[in-house]
Amino acid sequence: MTRKLSVLLLALLALVSCKSQYDALLASNDVDAKYKAAFDYFNQGKYQKSAAMFESLSMLTSGTEKDDTVQYYRGLSNYRYKDFETAEGNFASFVETYPHSTFTPEALFLRLDCLYRATYRYELDQAPTRTAMQAINEYLRAYPSSDHAEDCRGMLKELGDRLDTKAFESAKLYFKMEDYMAARVALKNVLRDDAENIYREEILYYIAKSSYKYAQLSVHAKQRERYLTFIDDYLNFVGEAPESPYRREMDALYARAQRALGRHVDADELLSERDKDFERERKASAKTK
């Protein structure tokens, strides 16, 4: 028991000694010792300590030839420690102060990566997403041949898809709430703002389905006009996505709308080209039997 207590005491004393040594060095003005210690901590993966040491060191190296190295590794330590908000500020300040440093190209990209990592999933506020996309686009315009250009384009694609998802899901919420008029307006606004939304087919489908539901639930005096609106939306949908998996459902709604308008619809008129080919093959096969 005595031996175990002695070992524990020695370990505790060593820990206190190390901590005191780190704190003493952090508070000192010995540039060379702090510089060496900062890189030792960095190379050992002790990024929180290296960040603090580089930050303390920066007040001593300001205006010297070591300053850009210290400032860059200060940001890189915070980046490796995954404190992306602090690292982004470090890199932004570095680029502004040292636009021609050998570290500047990498600092520019790492700042973008910090902005990218600070964005939120689509359900949350997308202001950081727009900020990151603007910065990435500016970087690509300035450095189109950068080694990081492909990574940046990948970030832009992911962030753009996230904004598309946010817009689509927000508009579709009105449909889920059964406010079909508001759903149609909101969904059309999504395409007005971004015609290339990755959910374009689904948006056209929900526009048409919203207008059908709105017509179906309307008073009789207003149904004709609103079914005609649905037919326009239906034709827009099938014109763009004739082979859509939603096609059969839309065809069925179209037939019901036409019947509600007192019109007869030939079932063959509602078949997609793929369905027509299948139907022709089926009829030809039946004749040979």
Side-chain angles (χ1 to χ4, degrees), residues 38-39 42-43 45 47 50-51 54-55 58 61-171 189-204 240-241:
F39 275 104
F42 182 86
N43 292 329
Y47 300 120
S50 68
F54 279 121
E55 182 176 0
S58 67
T61 59
S62 179
T64 71
E65 62 180 13
K66 288 183 176 180
D67 193 42
D68 67 331
T69 301
V70 169
Q71 296 289 2
Y72 174 73
Y73 276 92
R74 174 189 177 188
L76 191 58
S77 294
N78 283 313
Y79 177 85
R80 295 279 181 86
Y81 187 61
K82 300 187 185 304
D83 183 354
F84 299 117
E85 183 177 355
T86 301
E88 189 275 324
N90 294 154
F91 289 130
S93 176
F94 175 87
V95 170
E96 184 177 353
T97 306
Y98 294 103
H100 305 298
S101 168
T102 55
F103 297 114
T104 298
E106 192 66 14
L108 281 166
F109 171 72
L110 289 174
R111 176 182 175 250
L112 298 181
D113 195 45
C114 289
L115 290 171
Y116 165 75
R117 292 171 184 272
T119 58
Y120 309 128
R121 64 181 189 269
Y122 81 85
E123 298 95 336
L124 303 176
D125 178 30
Q126 293 304 299
T129 298
R130 295 184 179 89
T131 298
M133 291 181 72
Q134 180 179 349
I136 294 169
N137 276 314
E138 289 173 358
Y139 176 84
L140 285 174
R141 284 194 292 271
Y143 304 96
S145 302
S146 165
D147 291 341
H148 297 296
E150 195 60 34
D151 292 329
C152 288
R153 282 189 280 271
M155 290 180 193
L156 278 179
K157 174 67 168 61
E158 182 182 336
L159 295 175
D161 288 354
R162 193 180 304 169
L163 290 180
D164 282 359
T165 302
K166 174 79 170 183
F168 172 52
E169 292 294 339
S170 295
N189 284 341
V190 171
L191 292 184
R192 182 198 64 192
D193 295 339
D194 178 16
E196 302 302 319
N197 188 292
I198 59 172
Y199 297 98
R200 183 177 178 87
E201 181 179 323
E202 287 88 344
I203 292 171
L204 290 171
E240 283 203 24

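Positions are given from 1 along the sequence.
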Inspect the surroundings of CG in Asp193 and state if more than 12 heavy atoms from other residues, nucleotides or ligands are less than 6.0 Å away. yes

Is the backbone N or O of Gly89 less than 3.5 Å from a side-chain atom of Ser93, with the two atoms forming a donor-acceptor pair by type? no

I need the Asn189 CG to Ile203 CD1 distance, nearest 0.5 Å. 11.0 Å

Quick one: does Leu115's side chain get under 4.5 Å of Phe91's, heavy atoms only? no

Under 3.5 Å side-chain donor-acceptor pair for Ser62 and Asp67: no

Other residues, nucleotides, ligands: >12 heavy atoms within 6.0 Å of Glu96 CD: no

Compare all side-chain heavy atoms of Thr69 with those of Phe39 and state whether any distance is below 4.5 angstrom. yes

NZ/NE/NH1/NH2 to OD/OE distance under 4.0 Å, Arg200 and Glu196: no

Tyr98 and Phe103 aromatic centres sub-6.0 Å: no

Indicate yes or no for a side-chain donor-acceptor contact from Asp164 to the backbone of Ile198 under 3.5 Å, with no hydrogens or angles considered. yes

Side chains of Thr131 and Pro128 in contact at under 4.5 Å (non-hydrogen atoms): no

Is the closest side-chain donor-acceptor distance between Ser146 and Tyr139 under 3.5 Å? yes

Derivation of the side chain to side chain contact (heavy atoms under 4.5 Å, CB included) call for Tyr73 and Ser50: CA-CA 8 Å; Tyr73 276 92; Ser50 68; over 6 Å; no

Does Gln126 use its side chain to pair, donor to acceptor, with the backbone of Leu124 at less than 3.5 Å? yes

Going from CG on Asn197 to NZ on Lys166, what distance comes out if it is rounded to the nearest 0.5 angstrom? 14.0 Å

Starting from the C-alpha separation in whole Å, work towards a yes-or-no answer on side chain to side chain contact (heavy atoms under 4.5 Å, CB included) for Leu112 and Leu108. CA-CA 7 Å; Leu112 298 181; Leu108 281 166; 6.0 Å; no

What's the separation between atom CZ in Phe84 and atom OG1 in Thr119, rounded to the nearest 0.5 Å? 11.0 Å

Between Tyr47, Tyr79, Tyr72, which is the residue that forms a ring-ring contact (aromatic ring centres under 6.0 Å, His included) with Phe42? Tyr47

Is Cys152 close to Tyr143 at the side-chain level, that is, under 4.5 Å between some pair of heavy atoms? no

The reported gap from CZ in Arg74 to OG1 in Thr86 (rounded to nearest 0.5 angstrom) is 9.0 Å

Asn90 vs Gln71, test: side chain to side chain contact (heavy atoms under 4.5 Å, CB included). Steps then yes/no. CA-CA 7 Å; Asn90 294 154; Gln71 296 289 2; over 6 Å; no

Hey, could you give me the CG/CD distance between Leu159 and Gln134, rounded to the nearest 0.5 Å? 13.0 Å

Working for side chain to side chain contact (heavy atoms under 4.5 Å, CB included), residues Glu88 and Asn78: CA-CA 9 Å; Glu88 189 275 324; Asn78 283 313; over 6 Å; no

Hey, are the side chains of Thr129 and Tyr120 touching, using non-hydrogen atoms and a 4.5 Å cut-off? no

Enclosure of Glu85 CD (heavy-atom neighbours >12, cutoff 6.0 Å): no

Atom pair CE/CD of Met133 and Glu138 - distance to nearest 0.5 Å: 12.5 Å

Going by heavy atoms in the side chains, are Phe109 and Asp151 under 4.5 Å from each other? yes

Using a 4.5 Å cut-off on heavy atoms from C-beta on, say whether the side chain of Leu204 contacts that of Leu191. yes

